[in-house]
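FYI, side chains are in, hydrogens and waters are out, and symmetry mates aren't considered; it's all heavy atoms of this structure. We name chains A, B, ... by the order of the sequence lines, and we start the count at 1 in each one.
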Amino acid sequence: MARVISMRKAINEALFQVMEEDPTVILLGEDIAGGEGSPGDDDAWGGDMGITKGLQPRFGKERVMDTPISESAIIGTAVGAATSGLRPVAELMFVDFMGVCFDQIMNQAAKFRYMFGGKARTPVVIRTQIGAGYNAAAQHSQCLYPVFAHIPGIKCVVPSSAYDAKGLLIQAVRDDDPVIFFEHKVLYDEVRDDVPEEMYAVPFGEANIVREGSDCTIVAIARMVHKAGEAAEALAGEGVECEIVDPRTISPLDEDAILESVEQTGRLVVVDEAYPRCNMAADIAALAAREAFGALRAPVRTVSPPHTPVPFAPELEAAFIPSAGKIADAVRRTVGYAA
Amino acid sequence: MARVISMRKAINEALFQVMEEDPTVILLGEDIAGGEGSPGDDDAWGGDMGITKGLQPRFGKERVMDTPISESAIIGTAVGAATSGLRPVAELMFVDFMGVCFDQIMNQAAKFRYMFGGKARTPVVIRTQIGAGYNAAAQHSQCLYPVFAHIPGIKCVVPSSAYDAKGLLIQAVRDDDPVIFFEHKVLYDEVRDDVPEEMYAVPFGEANIVREGSDCTIVAIARMVHKAGEAAEALAGEGVECEIVDPRTISPLDEDAILESVEQTGRLVVVDEAYPRCNMAADIAALAAREAFGALRAPVRTVSPPHTPVPFAPELEAAFIPSAGKIADAVRRTVGYAA
Amino acid sequence: MTAGRGMQLSRERLLEAYRSMRTIRDFEERVHEEFEAGNLPGFVHLYAGEEASAVGVCSHLDDGDRICSTHRGHGHSIAKGCDVEGMWKELHGSSEGLCGGKGGSMHVADLSKGMMGANGIVGGGPPLALGAAMAAKTLKTGKVAVTFTGDGGSNQGTTFESMNFASVFRLPVLFVFENNGYAEATSSSWSVACGDIVNRAPAFGMPGTQVDGFDFFSVHDAAGEAVERARSGGGPTLIEVRFGRFYGHHEGDNQSYRAAGEVDALRRDRDCLKIFRRRVTEAGLLDDAGLDAVDADVAGLMDRCVEAARAAPRPTPDQLTADVYVSY
Amino acid sequence: MTAGRGMQLSRERLLEAYRSMRTIRDFEERVHEEFEAGNLPGFVHLYAGEEASAVGVCSHLDDGDRICSTHRGHGHSIAKGCDVEGMWKELHGSSEGLCGGKGGSMHVADLSKGMMGANGIVGGGPPLALGAAMAAKTLKTGKVAVTFTGDGGSNQGTTFESMNFASVFRLPVLFVFENNGYAEATSSSWSVACGDIVNRAPAFGMPGTQVDGFDFFSVHDAAGEAVERARSGGGPTLIEVRFGRFYGHHEGDNQSYRAAGEVDALRRDRDCLKIFRRRVTEAGLLDDAGLDAVDADVAGLMDRCVEAARAAPRPTPDQLTADVYVSY
Ligand SMILES: Cc1ncc(C[n+]2csc(CCOP(=O)(O)OP(=O)(O)O)c2C)c(N)n1
Ligand SMILES: Cc1ncc(C[n+]2csc(CCOP(=O)(O)OP(=O)(O)O)c2C)c(N)n1
Ligand SMILES: [Mg+2]
Ligand SMILES: [Mg+2]
């Protein structure tokens, strides 16, 4: 029987289970135990958000490692080890820190398989936090997954539910390609749903139809799936039925599921918390404009933040994040469009 | 009277002129003179492609500096100096190296103005090489400008002609925001056009209508402008008249010019040498699907490379780069579209 | 330790240094209270206990000299002369904050005071400090730059390469490593492979010195020497400041990685304010009454600031999209 | 220099080392010719003159040990046992190349031989080597990792932080710095602030040694000691190899930054092949005839490889999109 647990717990559980299952899985990152060399508790933190708590006591320091603050070395260690017989899960504490280690991801891990003629496998997972909502300001609130989705050779996972988070993380560890696993920090506790205790994998490249509806398709990512859900609730009261598609992985992207839905509804709104330029909303809107043009009965609307850094002040941050209200408005404009 | 010169010469000339004009302009980068500390010629290289040749002999080592191979330090120096009274032009030899210094660009330079409440100005220019075509393989052939365009706070310049390169670089140095200046390595010598000797600035955010036509709009970037030109020539022979729009800067983007053209032609093909996911082709296609939907008479086609790293073998690289043939095909499909 | 140049400071300068340290301490203690009371949003890292470092270094600097700070930036900001009320308002996200409410605790900055910003990126500051130093060198202003980095940040590649770069160009820059024993929960004795950070100076061709960070005079004297060297074209210096923080890594940290009683002992025996007071009164340079007056004065200032910040105006919606690019 | 352990190698091992060095030399000389003749696409960096480093180090390694190389990777690849014909074909972009023609000169790799790849990114290799070493440590295989880095690459942040990281975890890894005096046109005496790279070892808590890179035995002995230390859990070592390259930075470099006659002098007086020959024949370990036979053999091999590579099949269009992701 399934239990209702938080995404926080689901990720923690997935890590426990993959480590139990496979002795070649190791974890490394800054303070993922939290206390290396310090006089007190060695597992004092369990990650800066507590997600990896309890793993070091269970699996030992040889498999769960705190590291110095050296992101290139952390990621490089994980990537190099992945080509050498391990299945490392590295933590990049916030995706905002990718700027000091991106080379190891985009020029190394992402390219080995292709550049070496198919002879390399790099089964590495990089877990990282994304998203605004905690007033953590411009350098701790970004999404940035479009930057990773742009790079061929890395798979990008953006779970929106506890169930998906567990199953996708298990799949990520079993996958033979580099996977970036984006965890929206607000969802850790905001989201709770049914999660089986046993191990299961959610395949990559298969979207989840979160809600069915015939009037308008909403494609939404990570936390935006829930904002879209709120909007759909409100719209249902107005007689507008939205279909919500959660891609779950943005690379590979389940283009078929998106196009199928658009073919049926004839209308598309894409919701993305990432900066608006060259983001997933644009990517998916372009897909529809290219492949489902004949079905489209209204402009494809995108709901993204403004093209600005993430502001600190709570009211500005709230205005920055796409809201259910803005999504509902976009749907209303789409449904009300008259050529 | 204008002369016909190469983009190589145009960029070199712009640097000479901005340094003459403004004593606060300094240049730094690896081997931009090429010979620091070495027994022979101090200006042996003038940059790895010879673009900065002659500047150190003219302006001295205090203003034109070779550096150690430390990209974060190079960019950081430029960015920090830009907030401290200089107008540095740093060279990031290949954009492919952004992975070891991106933090200084995306979290520092890009965010200062906003994050500090409008009180900082960061007039830094980062010149960098993009593009495939020289069989330089996966780590020396990328475009990556979509990654920069995604980040609010940096301006992105993608010149396609010698004239634009000169005028846009002069504008970049005078601009008070961080500017990334993307130079397509193949264009250095492939492109030669009329360039006035005197200084002039090409404003940012103003597209150039390279060719007028009423059947289909082609938006193309950097080297792709020329491929689009070839395609348009061929198509003209078939009676199809293309309008080619070169945005020249992708951030800010001249949305109006693009939309205006699409409103007239009702058809859009976007050509982008960057990887296909979350790239500028998607960005511009999404723009049209959102803002010019009513005018669109056919699907918006994008012509980009496949979602793969850049291969080394010449025939594979040639197949990777969008060709005039592929562009023409996309236009034909667009023009021949029947709903 | 070098011979007490700091002890030869004028009465005014000593009082100023004390005031600055006291202001930081009170600021942080009050931020702690306000945060606990739920009045402050965001991530907050307190500098209490480390005041002698910021003030010891910055007492050699004027507004034209520049510093780059860290996520733990309140102390550096105050020591560098940032407006305390503006900082309070910034922490509240008010439009009257030093950064209009858009930066918050981790991004306090005031370039007009030479404060180039707290930084949310560990290792983000050192490359930027090179730039300030390069500008000083190019423009021949005689100014210097200082980058404060933690023990944890000392292991970041950007920090290392900045030291080599600074040395190669003989830039007027100080690398001040504030070794408070921990990076979050991780010990510096473990993460710094060579033991003491000062041992790295030779690898970057620069002089290095280690100082007692609980003692203003120890920091002051070492920084003075390094600033002089920098101003006179002698290039960069590495200074390792050893001490401990009085609070957790950030607000909310339960600190179970620390030894029992560690913080109590620090507060009791290693409080830089108490040590300063003892040294200057024992040497007859200042008296308790004068220092008490500063304490009272600062307490009053802090009351006024906290009140002003709570009542300060909020940003308007148009601020959301302002100041991304220059408008022409 | 340590006492000649290398001189105690068996005749077979010595011949093998010589053959490896000769193969690299001939490979590079022929690549130079082919490039000049316009037969090779892309960017090419030659290792000629530096053979003693790759071979001196790799003679201690087997296929299970791993190396990370640089843009100047042909020598490391050959020393580590990569198939020479496959390399030639790779440089031509043939589908029979070691990487199916998709990598080229800057990305030669063969993981089955422990060669983790040449690298187009300066400083790209050191973090990856940590991973190989971490795998060896975790899986207790007794294997080691070696990362080759140039003098220029020694200044990259990723390289610095990797050294600290390796030391903290006592990883079985060697940081071999091939100081050939230049990074492109820039002198290492200028860019390395502390003068010799070996001076950085203490900053990272590891032993360091400097060796004469023109002498196989000097490199061999230092590497042997370091590899033994690594295998037995003693952690990382820094080795600085000093020498010079016989060609320009890359093919096409006119080298006007070098002193007149510099290369001629190197070729005349500092050729590692000549020095090796002199040492082993003077010591009576090998004779000229045996070495000449190797030379002839290698020359023949190279002729066959060049021919095979020119005639090798080209990639088919479907290769363009193959091997981006695993297919299930
Ligand atoms: C690049 C980067 N990595 C990690 C972090 C998360 N982080 C913030 S502060 C911190 C610890 C810093 O320790 P230290 O440098 O010793 O400074 P202290 O907090 O002790 O003042 C970490 C890991 C970050 N902000 N940036
Ligand atoms: C991150 C990065 N920066 C710059 C370059 C360009 N580049 C390639 S090789 C090279 C010089 C390397 O010098 P060194 O490390 O001494 O190696 P050597 O060429 O002498 O073998 C440079 C600057 C690069 N490939 N990657
Ligand atoms: Mg610390
Ligand atoms: Mg070199």
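- Side-chain atoms of A/L316 and C/K102, non-hydrogen and from C-beta on, do get closer than 4.5 Å to each other.
- How far CD of C/E90 is from CZ of A/F312: 7.0 Å, rounded to the nearest 0.5 Å.
- Both the backbone and the side chain of C/N119 come within less than 4.5 Å of a heavy atom of chain A.
- Residues of residues 305-317 of chain C that come within less than 4.5 angstrom of chain A, heavy atom to heavy atom, are C/R314, C/P315, C/T316 in numerical order.
- A distance-only check finds no donor-acceptor pair linking the side chain of A/D41 to the backbone of C/Y257 [under 3.5 Å].
- The contact between C/S189 and chain A is made entirely by side chain atoms (from C-beta outward), counting heavy-atom distances below 4.5 Å.
- For a residue to count as touching a neighbouring chain, one of its non-hydrogen atoms must lie under 4.5 Å from one of that chain's; by this rule C/L40 does not touch chain A.
- Only the side chain of C/E262 comes within contact range of chain A, judged by heavy atoms closer than 4.5 Å.
- A donor-acceptor pair under 3.5 Å is absent between the side-chain atoms of C/E184 and the main chain of A/D31, judged by distance alone.
- Residues A/Q139 and C/H107 meet the side-chain proximity criterion, which asks for heavy atoms closer than 4.5 Å.
- Side-chain atoms of C/N155 and A/S70 form no donor-acceptor pair, as typed in the model, at a separation below 3.5 Å.
- Contacts between C/F160 and chain A at a heavy-atom distance below 4.5 Å are absent for every atom of the residue.
- Counting heavy atoms from C-beta on, the side chains of C/S256 and A/W45 never come closer than 4.5 Å.
- Formation of a donor-acceptor pair under 3.5 Å by the A/T308 side chain with backbone atoms of C/V324 is not found in this model.
- The shortest non-hydrogen separation linking C/G103 to A/A137 is O-CB, 3.4 Å.
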